[in-house]
Amino acid sequence: MNYQINIRGRLLNFNKPVVMGILNATPDSFYAASRKQDEQQIAERANEIVAQGATIIDVGACSTRPGSEPADEQTEMARLRQALAIVRREQPDAVVSVDTFRPNVAKMAVEEYGADIINDVSGLLNINLRVPYILMSTQGTLHDMLIFFAQRIQQLRDIGQKDIIIDPGFGFGKTLQQNYDLMAQMDRLNVLQLPILVGISRKSMIYKLLDITPNESLNATTALHAIALAKGASILRVHDVKEAVEVVEIMQQLRGDG
């Protein structure tokens, strides 16, 4: 389906799926190679994401990996202020999303640094900052997820939220088998008629199944990205931008849109 969202007066169209590159301004994300903390590392990563063909830079400052102790709100804000200032300096025209579950952090990112999208990993934020909103589900089955999405989408519409993207939340609140059951049925989420974001890059559903490490998970991640696109994903949230962009190009060619 041909979805589009409003990015501060510019339309971002998903008739061709787009790639969101991850920039983790944290010391403890599950994939060590993604951790960027000092000014040079953050600048280099922002420039790399854009140079390799991503449309969106997703900046996070509080790890949500299983078993982690979330940074407190002040720490998350301080990390984000540093990272967003650098990203805006290096890539002023980039679409920037902020990965957070805290309303004050989301508000700061939009009001102080012009964040273009809020990527809510809790799925529970009830604030309308007049920017597109990514709604994630932690439900373990498609049935429960559809009920959750229907209820939350209506709640968000009631407070005036216009652009909503749904995220099935692979790796959040799901068993290994539930993650794969969900991937197999993901095309049924298209009934909601909203863009779908898929974030499976190097996650435990891959490395635990294959008995490998996150560092060894790129090949399997790429395979799942192709499946996700075939099932209707509009956005791939990834660590490895170049490889994800290549998958998008191949899938477009197969569909006759290359």
Side-chain angles (χ1 to χ4, degrees), residues 1-23 49-50 53-60 64 80 84 87-88 91-139 145-170 172 186-199 228-229 231-238 244 248:
M1 294 186 182
N2 186 11
Y3 301 115
Q4 59 187 20
I5 59 174
N6 188 327
I7 304 291
R8 300 187 181 276
R10 296 178 296 156
L11 292 181
L12 176 56
N13 198 300
F14 296 124
N15 60 337
K16 178 179 180 180
V18 304
V19 172
M20 170 188 283
I22 298 168
L23 196 164
I49 288 170
V50 173
T55 301
I56 305 168
I57 302 174
D58 189 53
V59 184
T64 53
L80 267 179
L84 290 172
V87 170
R88 283 304 191 200
Q91 294 293 336
D93 297 325
V95 177
V96 176
S97 67
V98 169
D99 183 339
T100 188
F101 57 90
R102 293 182 169 121
N104 290 335
V105 175
K107 189 170 185 289
M108 176 276 292
V110 171
E111 293 181 353
E112 294 184 21
Y113 294 94
D116 300 298
I117 301 170
I118 293 300
N119 183 7
D120 175 16
V121 293
S122 75
L124 300 174
L125 286 182
N126 280 313
I127 54 172
N128 178 11
L129 297 171
R130 292 178 169 74
V131 297
Y133 172 80
I134 299 171
L135 170 64
M136 195 188 81
S137 168
T138 59
Q139 278 61 40
M145 185 175 294
L146 284 168
I147 293 172
F148 168 79
F149 276 142
Q151 292 173 341
R152 284 290 291 131
I153 289 165
Q154 187 58 56
Q155 290 170 358
L156 291 164
R157 297 296 191 207
D158 288 345
I159 62 171
Q161 182 67 48
K162 296 187 183 304
D163 291 320
I164 301 171
I165 298 160
I166 56 173
D167 176 357
F170 289 102
F172 289 85
M186 198 187 81
D187 52 318
R188 291 176 61 186
L189 292 176
N190 290 311
V191 70
L192 297 170
Q193 297 187 313
L194 292 172
I196 301 171
L197 178 148
V198 169
L229 291 170
K231 297 282 185 180
S234 293
I235 305 172
L236 298 178
R237 181 180 181 273
V238 309
V248 170

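The side-chain hydrogen bond (donor to acceptor under 3.5 Å, both in side chains) test applied to Asp158 returns Gln154, not counting sequence neighbours. Looking at residues two or more places apart in sequence or on another chain, you find no side-chain hydrogen bond (donor to acceptor under 3.5 Å, both in side chains) involving Gln161. Partners of Asn104 by side-chain hydrogen bond (donor to acceptor under 3.5 Å, both in side chains), not counting sequence neighbours, listed by chain and number: Glu73. Residues passing the salt bridge (charged side-chain N to carboxylate O under 4.0 Å, His left out) test with Arg102, sequence neighbours excluded: Glu76. With sequence neighbours left out, Ala54 forms a side-chain contact (heavy atoms from CB on, under 4.5 Å) with Val19, Ile49, Val241. With sequence neighbours excluded, the residues forming a side-chain contact (heavy atoms from CB on, under 4.5 Å) with Ala106 are Thr100, Ile118, Leu125, Ile127, Leu129, listed by chain and number. Partners of Leu146 by side-chain contact (heavy atoms from CB on, under 4.5 Å), not counting sequence neighbours, listed by chain and number: Leu142, Leu189, Val191, Leu192. Residues satisfying the salt bridge (charged side-chain N to carboxylate O under 4.0 Å, His left out) test with Asp116, not counting sequence neighbours, are Arg8, Arg88. The side-chain hydrogen bond (donor to acceptor under 3.5 Å, both in side chains) check on Arg188 picks up Gln185, with sequence neighbours excluded.
For the residue pair Arg157/Asn128, the side-chain donor-acceptor check at 3.5 Å is not satisfied. Ser97 and Asn119 are not linked by any side-chain donor-acceptor pair at a separation below 3.5 angstrom, with hydrogens and angles left out of the test.
Of the candidates Val95, Ile117, Leu11, Asn13, Ile117 is the only one forming a side-chain contact (heavy atoms from CB on, under 4.5 Å) with Ile5.
Rounding to the nearest 0.5 angstrom, the gap separating the CD1 atom in Ile235 from the CG atom in Asp58 is 9.5 Å. One distance of note links CZ of Arg10 with CD of Gln4; it measures 13.5 Å at 0.5 Å rounding. Atom CG of Leu80 and atom CD of Glu112 lie 10.5 Å apart (nearest 0.5 Å). We find the CD-CE distance between Gln139 and Met145 to be 6.5 Å, quoted to the nearest 0.5 Å. Atoms CZ and CG, from Phe14 and Leu197 in turn, are 8.5 Å apart once rounded to the nearest 0.5 Å.
Residue pairs satisfying the salt bridge (charged side-chain N to carboxylate O under 4.0 Å, His left out) criterion with at least one member in residues 118-139, sequence neighbours excluded, are absent.
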With a 3.5 Å cut-off and sequence neighbours excluded, list the donor-acceptor pairs that the side chains of residues 162-169 form with protein atoms.
| unit_1 | atom_1 | unit_2 | atom_2 | d |
| --- | --- | --- | --- | --- |
| Asp163 | OD2 | Asn6 | N | 2.9 |
| Asp167 | OD1 | Gly169 | N | 2.8 |

